[in-house]
Amino acid sequence: MSQKTILTGIRPTGNLHLGHLFGAVGNWVALQNDYETFIEIADVQALTDHFDDPEMVKENVWELALDLLAIGIDPKKANLFIQSSLSEIAELTVFYSNLVTMARLYRNPTVKTEIAQKKALFGNEGESVTYGFVGYPVSQAADITALDGDLVPVGEDQLPLIEQCREIVRKFNHIYGETLKEPEPLLSNTPRIKGLDGQAKMGKSLGNAIYLCDSEEVVQKKIMGAITDPSKIKKDDQANPDICMVYYYHKLIKNPNLKTVCEECKKGKRGCVACKKELIMRMNEFLKDFREKRKYYEEHPQEVKEILEEGTKQAKEKAKKTLRRVKDALKIDYFEEKC
Ligand code: TRP
C-alpha cells in the first residue's frame, strides 16, 4: 500500500480552543484527506499526570470526541480511537522501556520542562514525579509505532518526543532486526496563537483561551476583557493595532473588514468597545458551524459511540499486527495463539 499513515494524539484534559484549531489539530482536518489517519485520544497518557482524577479524564474523552468531530474530523476518513482500549500499546511500552535509559528520559526537553513546571507549582512535591510520568515518552513511542505511523502531525513542543521515538525504533531494529517503522514529525506552519491577555500562548492553564464550545455569552464576556493598546484611554485616541489583541483576533478569523478596522483604529475613529462588539459578532459567526455540528453530535451520543468503537477496532487490528512482529523479534512465541 503506497498511502502513508498518520498517527497523532491528544490528551483528554480539556476542550479544544482556538489555539488548537489554528495549530496542529486544525491541520489534521486537512491531512485526513490525503493519508490513512489515526487520531488517538490519549487517556492513558492523561492519567500519567492525572491519575488521581479518572472522572475528569473520562469526561474529557467524551468532550474531546465531540470537539474533534465538530471541527471536521470525518469518521469516514479518519479513525478516532481511545488509547486505553489498545492493550497492545501497553505491552509495547513494556518492551521498549528496556531500550531507554533514565538519564535519557530526564534529558528529554519536553519532560524536563514539565517537571520544572511541576516543581514551580508544587515546590518540593514536584520531586515526586512518578515512574509513569517520566516514562510517558516510551508509551508515546508505543502509540506511534503500534499504528505504523509514517508521519506525526504535532506542535513544536512535541518534537523531542518524536525524536525519542525515533531513537527507540532505531535501537529496536538494530538489536532485534528490522521490525518497526521510523516516523517523522510533520509541523504545521501556523505559529502559536496568542491568548486574549496578550501572552504568547493560548492555553488552558493560562486561563486566556476561547474554547470552541464556549457559548455566545461566554465569548462576549471574554472578548470584552481582551487586552487592547494600553495607551488608548478615550474612544477617539489614536492607537496601535499591532499591540491590540482584539485586532489580532480580527486578523486571525479573517475579518473581511480588516483594513477598515486597522485604519479606523490608527486614526482614532473607532472606539475599543465598538471594535470588540464587531469582533464578538464575527467570532460567533466564525464558530457557528462548529456549534451546529457539536450540537448534532451531542444529540446523537449513540452515533459518537459507534464512531469511537469503529475507529478503535480499526486501530486495534493494526496494533495487533505490530505487536506480533515485535513479539516474534523478541522470540516470544511459546504457544499457538497468534497474539
Ligand atoms: N503528548 C501529546 C500531547 O500532550 C499527546 C500524544 C499522545 C501524542 N500520544 C501521541 C501526540 C502520539 C502524537 C503522537 O498532546
Side-chain angles (χ1 to χ4, degrees), residues 4-17 19-21 23-28 31-32 35-51 56-57 60-61 63-65 67-68 71 73 78-86 88-90 92-93 96 105 108-115 117-118 132-169 180-188 192-193 201-205 209 311-312 315 318-319 322:
K4 289 199 168 177
T5 300
I6 276 189
L7 175 285
T8 191
I10 182 161
R11 294 181 189 195
T13 54
N15 286 101
L16 296 181
H17 51 62
H20 291 116
L21 184 67
V25 180
N27 201 22
W28 303 346
L31 292 168
Q32 66 182 343
Y35 299 93
E36 179 190 37
T37 303
F38 290 96
I39 298 173
E40 177 190 87
I41 302 185
D43 59 338
V44 177
Q45 192 176 111
L47 285 168
T48 64
D49 233 358
H50 300 280
F51 57 86
M56 181 282 284
V57 174
N60 279 307
V61 167
E63 286 295 308
L64 205 51
D67 279 353
L68 287 166
I71 64 164
I73 295 299
N79 301 293
L80 193 56
F81 73 99
I82 303 179
Q83 184 185 18
S84 56
S85 295
L86 269 63
E88 293 77 11
I89 291 176
L92 292 173
T93 305
Y96 297 169
L105 285 170
N108 182 310
T110 311
V111 175
K112 221 167 146 176
T113 311
E114 284 165 332
I115 291 177
Q117 282 166 353
K118 282 183 200 294
F133 180 78
V134 181
Y136 91 75
V138 185
S139 117
Q140 187 154 327
D143 297 339
I144 298 167
T145 54
L147 277 304
D148 268 341
D150 292 286
L151 297 168
V152 190
V154 283
E156 236 173 354
D157 62 318
Q158 294 291 305
L159 290 181
L161 289 147
I162 298 176
E163 191 45 46
Q164 187 138 32
C165 173
R166 286 161 60 86
E167 281 177 34
I168 291 171
V169 167
L180 299 171
K181 200 183 260 180
E182 189 172 329
E184 277 178 44
L186 185 66
L187 283 179
S188 64
R192 262 196 180 152
I193 303 307
K201 189 184 171 190
M202 179 176 275
K204 186 179 68 153
S205 51
T312 302
K318 218 169 165 188
T322 307

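Order of appearance sets the numbers: ligands from 1, and atoms from 1 within every ligand.
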Enquirer: Quickly, which of Leu86, Thr312, Ile89 forms a side chain to side chain contact (heavy atoms under 4.5 Å, CB included) with Glu40? Name it, please.
Expert: Ile89
Enquirer: Do you know which two heavy atoms are closest between Pro153 and Thr8, and how far apart they sit?
Expert: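 Scanning both residues, the minimum pair turns out to be O-OG1, 2.9 Å.
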Enquirer: As an exercise, state the distance from CH2 of Trp28 to CD1 of Ile71, rounded to the nearest 0.5 Å.
Expert: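 Interatomic distance, Trp28 CH2 to Ile71 CD1, rounded to 0.5 Å: 7.5 Å.
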Enquirer: Check this for me - ligand 1, Glu40, N or O atoms closer than 3.5 angstrom, yes or no?
Expert: yes
Enquirer: Specify side chain, backbone, both or neither for Val154, according to which of its non-hydrogen atoms lie closer than 4.0 Å to ligand 1.
Expert: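 The answer is the side chain.
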Enquirer: Starting from atom 9 (N) of ligand 1, locate the nearest protein heavy atom and write down its residue, its atom name and how far away it is, to 0.1 Å.
Expert: Asp143 OD2, 2.7 Å
Enquirer: Out of curiosity, Ile73 CD1 to Asn79 CG, how far, rounded to the nearest 0.5 Å?
Expert: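 Reported to 0.5 Å precision, the distance equals 11.0 Å.
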Enquirer: Going by the order shown, which atoms of ligand 1 are within less than 4.0 Å of some heavy atom of Ala42?
Expert: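 The atoms of ligand 1 under 4.0 Å from a heavy atom of Ala42 are 7 (C).
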Enquirer: Looking at atom 7 (C) of ligand 1, what's its closest protein heavy atom, distance included?
Expert: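 Of every protein heavy atom, Gln45 NE2, 3.2 Å lies nearest to atom 7 (C) of ligand 1.
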Enquirer: Hey, are Arg192 and Asp157 close enough for a salt bridge, meaning a charged N less than 4.0 Å from a carboxylate O?
Expert: no
Enquirer: May I ask you to list the atoms of ligand 1 that are less than 4.0 angstrom from any heavy atom of Val152?
Expert: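 Those qualifying, in numeric order: 13 (C), 14 (C).
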Enquirer: Rounded to the nearest 0.5 Å, what separation is found between the CD atom of Gln140 and the CD atom of Gln83?
Expert: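 Interatomic distance, Gln140 CD to Gln83 CD, rounded to 0.5 Å: 8.5 Å.
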Enquirer: For atom 2 (C) of ligand 1, grab the closest protein heavy atom and report residue, atom and distance to one decimal in Å.
Expert: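 It is Gln158 OE1, 3.3 Å.
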Enquirer: Tell me which protein heavy atom sits closest to atom 12 (C) of ligand 1, plus the residue, atom name and distance to 0.1 Å.
Expert: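 Checked against all protein heavy atoms, atom 12 (C) of ligand 1 sits closest to Gln140 CG, 3.6 Å.
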Enquirer: As an exercise, identify every atom of ligand 1 less than 4.0 angstrom from a heavy atom of Leu7.
Expert: 12 (C), 14 (C)
Enquirer: Can an N or O of Arg11 be found at a distance shorter than 3.5 Å from an N or O of ligand 1?
Expert: yes
Enquirer: So, is the end of the Lys318 side chain (NZ or CZ) under 6.0 Å from the ring centre of Phe81 and within 45° of the ring's axis?
Expert: no
